[in-house]
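Per chain, numbering begins at 1; letters A, B, ... match sequence-line order.
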2 protein chains.
Amino acid sequence: MSERGVRVQQREQTRQALLREGRRLFSDRGYAAVSLAEIVLAAGVTKGALYHHFAGKPELFHAVLEEVQQEVGRRVAAVADGQDDPWGQFAAGCQEFLTAATDPDIQRIMLIDGPAVLGWAEWRAMDEAASGRHLADALTSLVDAGIIAPRPVAPLVHLLSGAMNEAALWLAASRDPGDLEHTREALRQLLEALRTD
Amino acid sequence: MSERGVRVQQREQTRQALLREGRRLFSDRGYAAVSLAEIVLAAGVTKGALYHHFAGKPELFHAVLEEVQQEVGRRVAAVADGQDDPWGQFAAGCQEFLTAATDPDIQRIMLIDGPAVLGWAEWRAMDEAASGRHLADALTSLVDAGIIAPRPVAPLVHLLSGAMNEAALWLAASRDPGDLEHTREALRQLLEALRTD
DNA sequence: ACTTTTCACATACCAACGGTACGCGAAAGA
DNA sequence: TCTTTCGCGTACCGTTGGTATGTGAAAAGT
């Protein structure tokens, strides 16, 4: 069986503990308010271990963010794949993203601290590799299928991505339970505007 | 004439110097990468002066952000007032915001660091008081005038605000000069989707 | 005119933080 | 069994945001 050796096994365990506690603390109180001392204490290791696995605090955050974005990307892709027609995949994916991004833990890391810590360009590149790619693919499919008018998809990707990000942040802070459905309906209408028919 | 006293005059001058250099450095290199020592050096004063005027680094940033947002708000309002019909005010205001937010200096402070430094809730409240309010007012007018279907405007405000913010960030990093016009056109189409007719 | 008070700001200092240099001991390889 | 590797702990450093206190000139009081 997988004789992985006690060395690599312990190594991975330490790395996972750092990622787990880092993610928990970052999402609870924000990147700037969490010290490395806290993280290594919670993970049961020392700063030496942290700097053995990650080049620094931003790189640890980068790894945490990547984990979060992959999760969201998988959720969106899973829901989209449940639909069979291109438009259904597109609409369902957007709505699922709106739901996923409403999680406060995900928000703080992915939407608030992400751009500020890593810079917008790097943050955008990571988002593109995770969930943003699905949005671009879906829009391209819709253009190819003639369901929406031919156009550059990049502007639409950013307009829609930004709209859903901000709406999710607002919904997480909102106390009116009807806001979610109103937002879904408004988003649905905006998406419908793209159709050719 | 305005016998303002040399005390209050010097006081205001120092405060303005701190705001000016703080804004310059924050927009150039980001909030976290700028030290208070740099700011007070550039402003020609000491940390004592800074802490006499502001409670701390976040409060200085808050004052800078407020200045930036007020400027953007005035630009949007000025262009909107140039139109006479409600729909024209709405559309022109949105397009002007897109242009204003493309300025890299404004972006870093208003869109990147703002939410991370002050928290999303406070950032949103400031945006609401500056330019966001105009968007809500315009949408409300359109509903009242029967130009767009009756609906809660809050979801739309956040969807559109987020769309324009993210698009502006993308445009500032884009090197294709056609992107701006494509984005304008896409935004125009999304806005048209709201009309009743 | 002289004294007192105010206050805008400078100076000196501190605790905490991110980061680095180096040592150690057990596991892996020879 | 000897050597090497390496995952990690320990001790330390420079910088940073923040604070406590001093100071001198302008304003206020008499």
Side-chain angles (χ1 to χ4, degrees), chain A residues 1-23 25-26 28-65 109 113 116-119, chain B residues 1-23 25-26 28-65 109 113-114 116-119 122:
Chain A
M1 309 267 297
S2 64
E3 270 292 350
R4 294 175 50 235
V6 65
R7 282 289 270 292
V8 294
Q9 192 172 337
Q10 194 72 5
R11 173 186 170 88
E12 198 59 23
Q13 188 173 329
T14 300
R15 183 185 161 88
Q16 290 303 324
L18 286 167
L19 283 174
R20 191 180 63 243
E21 298 304 319
R23 174 171 177 171
L25 289 165
F26 285 153
D28 274 4
R29 312 210 316 270
Y31 176 82
V34 175
S35 73
L36 296 183
E38 279 180 284
I39 297 174
V40 298
L41 184 69
V45 293
T46 65
K47 278 208 286 184
L50 195 155
Y51 276 92
H52 185 74
H53 286 275
F54 304 96
K57 197 185 179 187
E59 285 76 14
L60 171 62
F61 180 82
H62 181 104
V64 170
L65 173 58
I109 292 173
D113 285 330
V117 173
L118 303 176
Chain B
M1 305 275 295
S2 63
E3 269 294 349
R4 292 175 51 234
V6 64
R7 280 291 268 293
V8 293
Q9 192 173 337
Q10 194 73 5
R11 173 186 170 88
E12 197 60 21
Q13 187 174 329
T14 299
R15 183 186 161 88
Q16 291 304 324
L18 286 167
L19 284 174
R20 189 182 63 243
E21 299 303 318
R23 175 171 176 171
L25 290 165
F26 285 152
D28 274 3
R29 313 211 315 270
Y31 176 83
V34 175
S35 73
L36 296 183
E38 279 181 283
I39 298 174
V40 297
L41 184 70
V45 293
T46 65
K47 279 209 287 185
L50 195 156
Y51 276 93
H52 185 73
H53 285 276
F54 305 96
K57 197 186 181 187
E59 284 76 15
L60 170 63
F61 180 82
H62 181 104
V64 170
L65 173 57
I109 293 173
D113 285 330
V117 173
L118 303 176
E122 188 174 350

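- Rounding to whole angstrom units, CZ of residue A/Phe54 and P of C/dG18 are separated by 15 Å.
- Atom CG in A/Leu60 sits about 14 Å away from atom C1' in C/dG19, given to the nearest Å.
- Cation-pi geometry between A/Lys57 and A/Tyr31 is satisfied (NZ or CZ under 6.0 Å from the ring centre, within 45° of the ring normal).
- Between the NZ atom of B/Lys57 and the P atom of C/dC17 there is a distance of 15 Å, given to the nearest Å.
- Taking side-chain N and O atoms only, B/Thr14 has a distance below 4.0 Å to OP1 or OP2 of C/dC9.
- The side chain of A/Ser35 has C/dC17 as its nearest neighbour among C/dC7, D/dG7, C/dC17.
- Here D/dG18 is the nucleotide among D/dA27, C/dG19, D/dG18 with the atom lying nearest to any side-chain atom of B/Tyr51.
- Closest to the side chain of A/Thr46, out of D/dC6, D/dT10, C/dA10, is D/dT10.
- Between the CD atom of B/Gln9 and the P atom of D/dA26 there is a distance of 12 Å, rounded to whole Å.
- Position along DNA chain D of the nearest nucleotide to B/Gly48 versus A/Lys47 favours A/Lys47 as the more 5'-ward residue.
- DNA chain D is contacted by both B/Glu59 and B/Val8; B/Glu59 maps to the nucleotide lying nearer its 5′ end (nearest heavy atom per residue).
- Side-chain proximity of B/Leu36 to C/dA27, D/dG17, C/dG18: nearest is D/dG17.
- Atom CD of B/Gln10 and atom C1' of D/dA27 are 15 Å apart (whole Å).
- The shortest heavy-atom contact between B/Phe54 and B/Ala63 is CE2-CB, 3.7 Å.
- Once rounded to the nearest 0.5 Å, the distance linking CD of B/Gln16 with CD of B/Glu21 reads 12.0 Å.
- When each of D/dG9, C/dC9, C/dA27 is scored by its nearest atom to the side-chain atoms of A/Val6, the top-ranked nucleotide is C/dA27.
- Here B/Val34 lies in heavy-atom contact (under 4.0 Å) with sugar-phosphate atoms only.
- Side-chain N/O atoms of B/His52 include one lying less than 4.0 angstrom from OP1 or OP2 on C/dA8.
- Defined by atom type and a distance below 3.5 Å, a donor-acceptor pair is missing between the side-chain atoms of B/Gln13 and B/Gln9.
- A salt bridge does not link A/Arg7 with A/Glu12: every distance from a Lys NZ or Arg NE/NH1/NH2 to an Asp or Glu carboxylate oxygen is 4.0 Å or more.
- Picking from C/dG19, C/dA8, D/dC8 the nucleotide with the shortest atom distance to the side chain of B/Arg11 gives C/dA8.
- Applying the 4.0 Å criterion to OP1 and OP2 of C/dC9, one finds that B/His53 has a side-chain N or O inside that range.
- In this structure, A/Leu50 places its CG atom 12 Å from P of C/dT20, rounding to the nearest Å.
- Of the candidates D/dC8, D/dG7, C/dC9, D/dC8 carries the atom nearest the A/Ala49 side chain, counting heavy atoms from C-beta on.
- Comparing D/dA27, C/dA28, D/dG18 by their closest approach to the side chain of A/Arg7 singles out C/dA28.
- In this structure, the CD atom of A/Gln16 is 15 Å from the P atom of D/dG7, given to the nearest Å.
- Residues A/Glu59 and A/His53 are not in side-chain contact: their nearest non-hydrogen atoms beyond the backbone lie 4.5 Å or more apart.
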